Structures are given as structure tokens and as C-alpha cells.
Amino acid sequence: MVDEQRLNLEKTYEVIRRAALAHRFVSYSEIAEASDVPWNAAWRRMPQHLGQLVRLTHERGWPIPSAIVVNKGDVDTGKLDGTAREGLLAAAKDVGLTVGDPEQFVKEEQQKVFAWAATAPETLGLGSSKRDATNPAGPRFVQYFGPVLEALRALGGEGKPKDVYDWIVANGDLPKSEIDATTKGGNAGFQNKIGWARFYLVKGGLIDDSQRGKWVLTQEGRDTTLDASSSLALFKEIRARGWEDDDEESPAPIGTEAVAELFDDSSRQFWFAGAAWSEGDQLDRFLQEGIWQNGYDEKFSDLVRKIKPGDRIAIKSSFVKKHNLPFEAGGKSVSCMRIKAVGTVRENLNDGKTVRVDWVPLNPPRDWFLYTYRTTLHQADPDDDLARRLILFTFADLQQDFQFWTRVPYFSRKFSASTTTASLESFFVDQEETEADAEVADVPTYAVGDIAKEGCFLPPKTLESALQRLAEKKNIILQGPPGTGKTWLAKRLAYALIGTKDRKVARARTRVVQFHPSLSYEDFVRGWRPTEGGKLELVDGVFLKLVQAASAVPEPFVLIIEEINRGNPAQVFGEMLTLLEDTKRRPEEALELAYSRDGERIHIPPNLHVIGTMNIADRSLALVDLALRRRFAFLSLEPQLGPLWQAWCAEKVGLDKATIEMIEQKVVALNQAISNDRSLGAQFRIGHSYVTPQEGATIPDGGAWFEQIVQTEIGPLLEEYWFDAPEKAAEAKRRLLA
């Protein structure tokens, strides 16, 4: 956006040149400080900024100045690896340089920069306009100032952007290569130049773009004709006021008026909704009737009721693409969301199903990549940077900046990783491309009722409460005696939260780890690891990778930590323990990690949930840290041998009633004895999992089956419980087998 603090190419060049003269390396944070831009506002724009510097200096035949820009911790050594090296190599390839051995290339460029510094000019010579002095005519988009005004006059004084593009193509003598060109970010280059021209014409008071999707000539614009010299004069005048373009290859800015209108009401909400039901696509009906409807009876009703008049809503479809992408994705499939219509909500009927909408169909629809919503109804948070970009794309006609998105850590790793990378590295499963206009087939849904069907013996209300606590608190721990189904339930709560048990989706958005005494912060969050060359590099652990994935994708993610009290949670989580708190899941609460990459700050997004399991009968474990307790909701599981368990054994396995009653009676009696024993207590009771057969198991003799369970599972556990009183264990076992 225009009003954001910007990195200054002249100041960046000055910092690098001074460092090169002193034969020293410079950090990214020094670059940001030189432009008086805080690091949390600079780090995402840094790759594009340095890439612009590389292109500018390469045109002059200089080496790559940014080769000596390294992470803060590497200023003494000049080591450049990881994403820092990838960014430099990408910029080098963009200008046509050949990169052989990456490490050798970096070293050679660094030496070239040090040697070149003695003869380097003191400034880039961009002048007050900060443009290359070798381009006195200004950027190429200036040539379209006049044609844009002419097009609008020919259209009656106002028109849609597409109408302006079409008029200029039809009436201008433009080569096909100019019309078909794309920017380095993959967007349509011709349309982007027109967008930049519109931006400056608005600043010059010649165009009013306050109405979404419409450009209108002001009275001054109607009376103004611009040739090449007057266009350049207007450009320089506006630049002198402080307005500047980053790079005409980057997406053209949207009008500040359009942004102001979009966000003028702080209570306005932004919704993305599907239109495909089991009966078929409802898009045409929704547009004709001026409504949007929820096609489910039991899902999304509460969310629909939150929609209010004045909210903005878009109809979208989701699918995946693998070919003909506007950016390089390493041959991977990419999630795509097609925006088909946008509108403003007029009325909510408060039935959990229908809202009335003033629709504006998009013809043609617009495709948005990577950060996509696959659920039927999703609310986008304008305070989240990634979601805000989607909102601006959808409701204010901003182009998607593919350079920015492909450098988001999660996507950068995903698209650059080898196809043989372990599953831990790939949070999304690649899928074959569907037809461009086809909806993704709905995966099977999974809800609380499905947990009960699979053999959970807790009442539905208890399960609903557990799922609600997980959604609200973000972190829960299932605790209970052995055999009460903690891990089993944790996985199914995760499925219910993400809405499906589909293998591909579940594999993409859930992770299961187990804590143990030797697990460390370096394993779980980030730490130094040796490389093949015998050096050390910072490597992200499973938790930080999941944080990055959840930050880049809006759907819910779940991390299941088995035996969470077997490790030292305070040591393993480190500063992440603070960020786990549900009230600190915001960018402004971000912290710098113990092992940070040049001052980056991390926060845990609200769509990442953590489910821990804890066996309260393990006497070898220490008490749980109070800080951990405050950040988790604790749900206690009990042995369940009531009617639901009895029905399962009878209906799913075919055990006879007498055997079921016998097993229940003996286990209940044993648990009572364990609870009454002062050396043990209720936390050592035997859980129902020990005596619950798998669905479909063949058990011809229920008594013999129970005897095997006692001999091989329950008996040894009792001997462990009463290791100092073996006669108690023997007597308890005898009663079970009697």
C-alpha cells in the first residue's frame, strides 16, 4: 500500500557500498534501519527490494551488491545459506546470470563486490525521483497516461478497467509481445502498466476510482490531454510530492480511496462462500434471487447468523492446478480459489441459512492462488496480513503479488523441496489437477456423531464440550488412567475440528509427535544441525514448520503431542510456551526466537490447535509446569464400562450378554480395589480400552478372550502397580480369572 514505510534503494546502496569499502559484511536489519523501517515491516519486502537492486546494478555491469548482505549472526563470517542464499540466487537467475555451484558463486560475487567498491559511485544516481538516470523518459507505464484518459473519454467519461484495456488494445498500435507480456511475479504486464498509470492519474486528480470496479474522469481529466512530455512532467510532479512506485514489475497499487471505503467500518466482516451443493451449482440462482444460502442442515448455521448487513461476501470455488500457473511452483500442485461474484449483505434472515445480497458477478472470474478457503463458509480476518491481501484482491481489485507469496517460508520450502522429501516436510499432499472450472469434490465430513459411531463411550454432550474447548482455548490436554482412549480420542477430535477424516486432508493438517526426556527445543522448534559439507545451519523443527504452514493457510491445523508430560514442556517449547496462550495468537504478540534469522519475529496463528495426552498413572513423571497448565484446558477421561460400551461389545463384536456383564463386573470391582488402595488411587484404574474388542473381531469364546487379556495385559500391569506387594497383584489377578 502507498502509505507504508518503504525501503529506500539509495540508502540501501549507500550502506552496502560503505560496508564493501571496509571489507565487511552487512546484515538485513542494517538495511532496514538505514531506511528507518522497523524489521517487522521490512522483512517480507526485503527480497523484492534487493531483487530490484540486483536488476538495477546488473544493467550497469556491476557485480551483485546484495551478495554481502547476510543474516545478523553471519556478519563476521559472511556465510550465506538457507533462504538468504536462495533469494540471492533467484535474483541472479532473474537477470540472466548463470549459477553453477551455489556456494562458489556466492563467494565469487562477494569478492567482486569488495573489489568493485573502490571504484563504485557514491550514489545510484536515482535523484529526487529515485529512478535510474539512464531512463530520462521515466518508467514505461508513463506512456499510457494519455491513452487511459483517451479511452475513458471514448467510453463516455467512465468505464470498467477491462473496457479501458480493450479500448487501448483496439486503438493503439501495440505489438503482441507488449500485450502478452507478464511481470516477473507472473501477472499480466500490460494490465499492470495500465494499473500504474491509473494510480498516478488518480494522484494527479484526473481520475476518480472511489467506486469499486469503475474509473471515472474528473472534470480536470475531461479537459486534459497528455502527450509524452506532459505525461512525464505529471509523473515527476507527483513523485516530487512523495508518491513513488517500488518497481513497475510489482503489482500496481490500488486506489487509497477504494481501501478507505473498504475498511471505513471497523465492524465490517468479510466472507467467502461456496455455491456448490449436492444438487449442483447454485451460483446462477443466488445471483438471480439476490441471496446466498447455506446448503447444510447441521453445519455453518452459527457462522451464518454472524453475517450482518454491510458485510462483504464473495462466491468462490476451490480446486487445484498443476499446469499453466502464473508462477514457478516446482512442478507441484497448487491450491486455487476462483472468485465468481462479490456483493454486499443487505439482510440476514436469521434462520442459519439465508442472507440477502446485492451481487456483482465477475466476468471473467478471478483466480487467487495458495492461500485458499476450502470450507463452504469462511470469515477472513482483515487484521491478518495474509487474509487482508486476499480481501484487497477480492473486493478492491488488487493483483496478487506472486513474488511475495512464493517467498512466504512455507510456500518457499514447499515449492523448492525435492519430490523425495519426507512427509514431515510436505504439509500439503499434491493432488492431480482438476478441470479449471470444476469444484473439488467434497471430502467426507467428520463430526462429533462420527466419533461416537467409531466406539467412543462418552456422551455426545461431553464430546461437543471437548470440541468447543479445543476451538476456543486452542490447547487441551486429555488426561486419565491407562487405557481410557486418550490418543484415540485426540485423533478423532482433530478430525472433527478439521471437518474430515479424509486421509489426504488429515495428513496435510494434523501432526502427531511424542515427547520424551531427551527431546529438546532444538528438535521441536529450531536448532543448529550439521550439513553434508560439515557446516552448521539453522533447521526448523516440526512445531515451527507447522506454525509456518498454519500461518500460510487459513484452515485449522492440529498438533497432537502424546505423553506431553514425559518431556520438559518448558524446555521443549521455550518462548513458544508464551505464544501458545489463546490471548497471544496475534502478530503484535510476536517474539524473536532464541535462534532467529536476522531478527524475525514469530507468532502462533489462531488456526493452530494443540492436543496433548497425559497418563496420570506414570509415577516416573514430574508434576506439570504451572505455566503449561494455564495455557491448556484439561479434560479428564474415566473408564467407560456403561451402556454404550455394552452395546458396542454386543453389536460390533457379538459377545453374549453374560460375558459382557461378567467382564464389566470384574473390571469395575478391580478398579474399586485400586481406588481404595492408599498406595495407588483412582488414577491407576484400568481403562475400558483393555477390554474393548476391535470392530469386526471374531471372538468365538468370550471367556477365553478375556482370560488372554488378563494374562498378557492387565496382569503384568497389576504386577507393576503392586511391585512391592506381589500378593495383592496375585489376588487381583485370581479374582479376574475366577
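Here the structure is a predicted model, which means the values were calculated and not measured.
Side-chain contact between F25 and L80 is absent, with no heavy-atom pair separated by less than 4.5 Å. Two residues are said to be in side-chain contact when any heavy atoms from C-beta on lie closer than 4.5 Å; R389 and L392 fail this criterion. Residues K112 and I64 form no side-chain contact, since every pair of their non-hydrogen atoms from C-beta on lies 4.5 Å or further apart. Between R509 and P556 there is a side-chain heavy-atom pair separated by less than 4.5 Å. Proximity of V547 to I602: side-chain heavy atoms (C-beta onward) are separated by under 4.5 Å at one or more points. Inter-residue side-chain proximity for W405 and L386 is flagged as met; some heavy-atom pair is nearer than 4.5 Å. The shortest side-chain heavy-atom distance between L593 and R526 falls under the 4.5 Å cut-off. With a 4.5 Å cut-off on side-chain heavy atoms, F369 and S335 do not count as touching.
Although no hydrogens or angles enter the test, the distance criterion places a donor-acceptor pair under 3.5 Å between the side chain of T57 and the main chain of V54. A donor-acceptor pair under 3.5 Å is formed between the side chain of N8 and the backbone N or O of K11. The backbone N or O of E30 sits less than 3.5 Å from a side-chain atom of S27, completing a donor-acceptor pair. Checking side-chain atoms of R268 against main-chain N and O of D311 turns up no donor-acceptor pair under 3.5 Å. In this structure a side-chain-to-backbone donor-acceptor pair under 3.5 Å is present from T500 to D502. The backbone N or O of L283 sits less than 3.5 Å from a side-chain atom of D281, completing a donor-acceptor pair. Side chain of Q400 to main chain of W368: no donor-acceptor pair is present (N/O by atom type, distance under 3.5 Å, no hydrogens or angles). N607 contributes a side-chain N or O that, together with a main-chain N or O of E555, makes up a donor-acceptor pair within less than 3.5 Å. With hydrogens and angles ignored, the 3.5 Å screen pairs a side-chain donor or acceptor of Q143 with a backbone N or O of R140. In this structure a side-chain-to-backbone donor-acceptor pair under 3.5 Å is present from Q110 to G78.
Between V525 and L544, the shortest heavy-atom distance links the atoms O-CB, 3.4 Å. When every heavy atom of L538 is checked against every heavy atom of S596, the shortest pair comes out as CD1-O, 4.0 Å. Residues A151 and V164 share a closest heavy-atom pair of CB-CG1, 4.0 Å. In terms of heavy atoms, L608 sits closest to I604 at CD2-CG2, 3.9 Å. Summarising the geometry of A67 relative to L88, their closest heavy-atom pair is CA-CD2, 4.0 Å, with the distance given to 0.1 Å. P65 and V113 make their closest contact through CA-CG2, 3.9 Å (heavy atoms, listed as atom of the first residue, atom of the second, distance).
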Task: Test log, rule side-chain contact (heavy atoms from CB on, under 4.5 Å), inputs L559 and H609 - done: CA-CA 6 Å; L559 173 65; H609 303 75; over 6 Å; no

Open item on the list: Could you walk me through whether T406 and S412 satisfy the side-chain contact (heavy atoms from CB on, under 4.5 Å) test, starting with their C-alpha distance in whole Å, then the side-chain angles of each, then the deciding distance to 0.1 Å, before giving a yes or no?
Closed with: CA-CA 5 Å; T406 53; S412 175; over 6 Å; no

TODO: Let me see the working for S317 and K340 under side-chain contact (heavy atoms from CB on, under 4.5 Å), right down to the final yes or no.
DONE: CA-CA 8 Å; S317 64; K340 300 180 177 180; 3.4 Å; yes

TODO: Could you please spell out the steps behind the side-chain hydrogen bond (donor to acceptor under 3.5 Å, both in side chains) verdict for Q548 and D540?
DONE: CA-CA 10 Å; Q548 293 170 347; D540 295 341; 3.2 Å; yes

- [ ] List the steps, then state whether side-chain contact (heavy atoms from CB on, under 4.5 Å) holds for V342 with I313.
- [x] CA-CA 6 Å; V342 297; I313 185 170; over 6 Å; no

- [ ] Apply salt bridge (charged side-chain N to carboxylate O under 4.0 Å, His left out) to E178 and K193, showing your working.
- [x] CA-CA 10 Å; E178 171 76 358; K193 292 188 185 76; 3.8 Å; yes

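If you take SG on C336 and NZ on K316, they are separated by 11.5 Å, rounding to the nearest 0.5 Å. How far CH2 of W271 is from NE2 of H378: 9.5 Å, rounded to the nearest 0.5 Å. If you take CG on D367 and CD1 on I339, they are separated by 8.5 Å, rounding to the nearest 0.5 Å. Taking OH of Y200 as the reference point, atom CD1 of I207 lies at 14.5 Å (rounded to 0.5 Å). Considering NZ of K414 and OG of S333, their distance stands at 7.5 Å, rounded to 0.5 Å. Rounding to the nearest 0.5 Å places CD of Q191 at 10.5 Å from CD1 of I179.
Under the 4.0 Å criterion applied to side-chain N and carboxylate O atoms, K162 and D166 are assigned as salt-bridge partners. Ion pairing between a basic and an acidic side chain is recognised when a charged N comes within 4.0 Å of a carboxylate O; K79 and E537 show no such pairing.
Ring orientation note: the planes of F199 and W196 are nearly perpendicular, at an angle over 60° on the 30°/60° scale.
Between F190 and Y144, the gap from one ring centroid to the other is short of 6.0 Å. Aromatic pair Y371/F411: ring centres not closer than 6.0 Å.
Remark: E103 pairs with K535 by the side-chain hydrogen bond (donor to acceptor under 3.5 Å, both in side chains) rule, at least two apart or across chains. Judged as a side-chain hydrogen bond (donor to acceptor under 3.5 Å, both in side chains), and not counting sequence neighbours, N171 has no contacts.
Remark: R511 fails to qualify as a cation-pi partner of F557 under the 6.0 Å distance and 45° angle criteria applied to the six-membered ring.
Checking F395, Y373, F393 one by one against F270, the ring-ring contact (aromatic ring centres under 6.0 Å, His included) holds for a single residue, F395.
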